[in-house]
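Following: one structure in structure tokens, then a few remarks.
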Amino acid sequence: MPASLMVLKPSFFNRDPRRVARALLGKLLVRKTRRAILAGRIVETEAYLGENDDAAHAVAGKTARNAVLFGPPGFAYVYFIYGNHYCLNVSCLPDGIAGGVLFRALEPVTGIEEMAEARGIEINGPDDLKRISVLRQIASGPGRMCEALGVTRERDNDKNFTGLRSDLRILDDHYRVRRVIITPRIGIAKAAGYLLRYVIAENPFVSGPRMPHVREAAS
DNA sequence: ATATCGATTATCT
DNA sequence: GATAATCGATATG
């Protein structure tokens with residue numbers, strides 16, 4: 001029996017970002033476009049706390065840029081970074097209290113060819129769609145993931161993830177996450193040392209260098 | 001395999 | 001004017 005597919009509701013996000021970050025692992029992030037449905041399984045997240053977290057954008061208080069983090073739970077906070085990349089977060093906690101979770105990596109599930117095209121990755125034959133080394137380039141990293149899904153601040157900031165008609169949603173297909181590893185967050189200088197990065201153990205689509213062992217069989 | 005560096009711009013000091 | 005929740009390219013062992 002295929003389990004039913006549930007859209008995550010606001011209450012899912014109305015709690016501590018650490019719990020949300022952990023609970024998001026294994027869920028499906030889905031983007032609907034005219035041409036296709038793009039989706040990936042969430043394999044890596046980071047929690048960003050409120051005004052106490054020196055690494056969080058909310059630390060300086062509410063501004064035009066970070067206002068979504070202070071708003072109601074379940075909304076997209078998208079920011080532009082390093083002059084090149086977008087990063088996607090979801091707001092957590094009730095209206096008025098800042099907090100969010102950064103999506104850092106997906107395992108591609110559907111719309112793989114469309115996502116590869118959006119990333120400028122060339123697919124040479126159906127075999128390429130099964131190679132981990134190729135699939136890993138699609139959405140293993142927050143900037144890559146946004147490029148694959150076509151996420152921009154202009155298009156998606158302040159979008160409601162929990163709307164049934166939203167073109168950006170998170171679905172629960174009852175996938176079971178076996179083991180989770182918690183590490184320091186990536187790419188931050190302040191408030192390093194906090195363990196707020198959540199990854200699915202042994203999953204090859206987590207960002208960063210691969211473990212030397214897990215290599216593909218030679219062709 | 002690891003290390004270093006340049007790109008490129010919104011945002012804040 | 002400096003910085004940044006990144007990426008991809010290049011260099012080197």
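Heavy-atom basis, side chains included; hydrogens, waters and symmetry copies ignored. These numbers come from a predicted model, not from an experiment.
- Taking the charged nitrogens against the carboxylate oxygens, Arg185(A) and Asp53(A) do have a contact shorter than 4.0 Å, which makes a salt bridge.
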> Do Lys9(A) and Asp172(A) pass the salt bridge (charged side-chain N to carboxylate O under 4.0 Å, His left out) test, and can you show the C-alpha distance, the side-chain angles, and the key distance before you say yes or no?
Replying inline: CA-CA 10 Å; Lys9(A) 296 180 169 41; Asp172(A) 184 357; over 6 Å; no

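- Contacts with DNA chain C (heavy atom under 4.0 Å) in residues 98-108 of chain A: Leu102(A), Arg104(A), listed by number.
- Residues from residues 80-88 of chain A that place a heavy atom under 4.0 Å from any atom of DNA chain B, listed by number: Phe80(A), Tyr82(A), Gly83(A), Asn84(A).
- Within a 6.0 Å radius of CD in Glu122(A), no more than 12 heavy atoms belonging to other residues, nucleotides or ligands are found.
- Under the rule for a side chain to side chain contact (heavy atoms under 4.5 Å, CB included), the partners of Arg15(A) that lie at least two apart in sequence or sit in another chain are Phe12(A), Arg19(A), Val20(A), Ala23(A).
- For dA5(C), the base has a donor-acceptor partner in the side chain of Tyr79(A) [N/O atoms by modelled type, under 3.5 angstrom].
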Side-chain donor-acceptor contacts of residues 186-199 of chain A below 3.5 Å, not counting sequence neighbours, with atom names and distances?
{"from": "Arg197(A)", "atom 1": "NE", "to": "Glu44(A)", "atom 2": "OE2", "distance (Å)": "2.8"}
{"from": "Arg197(A)", "atom 1": "NH1", "to": "Thr183(A)", "atom 2": "OG1", "distance (Å)": "3.0"}
{"from": "Arg197(A)", "atom 1": "NH2", "to": "Glu44(A)", "atom 2": "OE2", "distance (Å)": "3.1"}

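- Through direct or relayed side-chain contacts under 4.5 Å between Ile, Leu, Val, Met, Phe, Trp and Tyr, Leu171(A) connects to Leu5(A), Val7(A), Leu28(A), Val30(A), Ile37(A), Val109(A), Leu164(A).
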> Could you write nucleotides 8-13 of chain C as a row of B, S and -, 5' to 3', where a protein heavy atom under 4.0 Å of any base atom gives B, of only sugar-phosphate atoms gives S, and otherwise -?
Replying inline: S-----

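- Nucleotides of DNA chain C nearest to Met145(A) and Ala189(A) differ in position, and the one nearer the 5' end is that of Ala189(A).
- Checked by atom type and distance alone, the side chain of Arg104(A) never pairs as donor or acceptor with a backbone atom of Ser207(A) at under 3.5 Å.
- The two residues Val68(A) and Ser91(A) have their closest heavy-atom pair at O-CB, 3.6 Å.
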> Given Watson-Crick or G-U pairs with both distances under 3.5 Å, what dot-bracket string fits DNA chain B, with | for other-strand pairs and [ ] for crossing?
Replying inline: |||||||.||||.

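- For residues 42-55 of chain A, proximity to DNA chain B is found at no residue, defined as any non-hydrogen atom under 4.0 angstrom from a strand atom.
- Partners of Tyr79(A) according to the ring-ring contact (aromatic ring centres under 6.0 Å, His included) rule, which considers only residues two or more places apart in sequence or in another chain, are His57(A), Tyr77(A).
- Of all heavy-atom pairs between Phe205(A) and Ala105(A), the closest is O-CB, 3.4 Å.
- Partners of Lys27(A) according to the salt bridge (charged side-chain N to carboxylate O under 4.0 Å, His left out) rule, which considers only residues two or more places apart in sequence or in another chain, do not exist here.
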Atom pairs and distances, donor-acceptor, side-chain atoms in residues 93-102 of chain A, under 3.5 Å, two or more places apart:
none

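- A salt bridge between Asp156(A) and Arg31(A) is present, with a side-chain N of the basic residue lying under 4.0 Å from a carboxylate O of the acidic one.
- A cation-pi arrangement is present between Arg41(A) and Tyr175(A) under the rule of less than 6.0 angstrom and at most 45 degrees off the ring axis.
- To the nearest 0.5 Å, atom CZ of residue Phe103(A) and atom CG of residue Asn89(A) are 8.0 Å apart.
- Between Arg179(A) and Glu202(A), at least one side-chain nitrogen of the basic residue sits less than 4.0 Å from a carboxylate oxygen of the acidic one, meeting the salt-bridge criterion.
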Interface polar pairs with nucleotides 11-13 of chain B, N/O, under 3.5 angstrom:
{"from": "dC12(B)", "atom 1": "OP1", "to": "Thr63(A)", "atom 2": "OG1", "distance (Å)": "2.8"}

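- Of the possible polar contacts, one joining the Asp128(A) side chain to the Asn124(A) backbone as a donor-acceptor pair under 3.5 Å is found.
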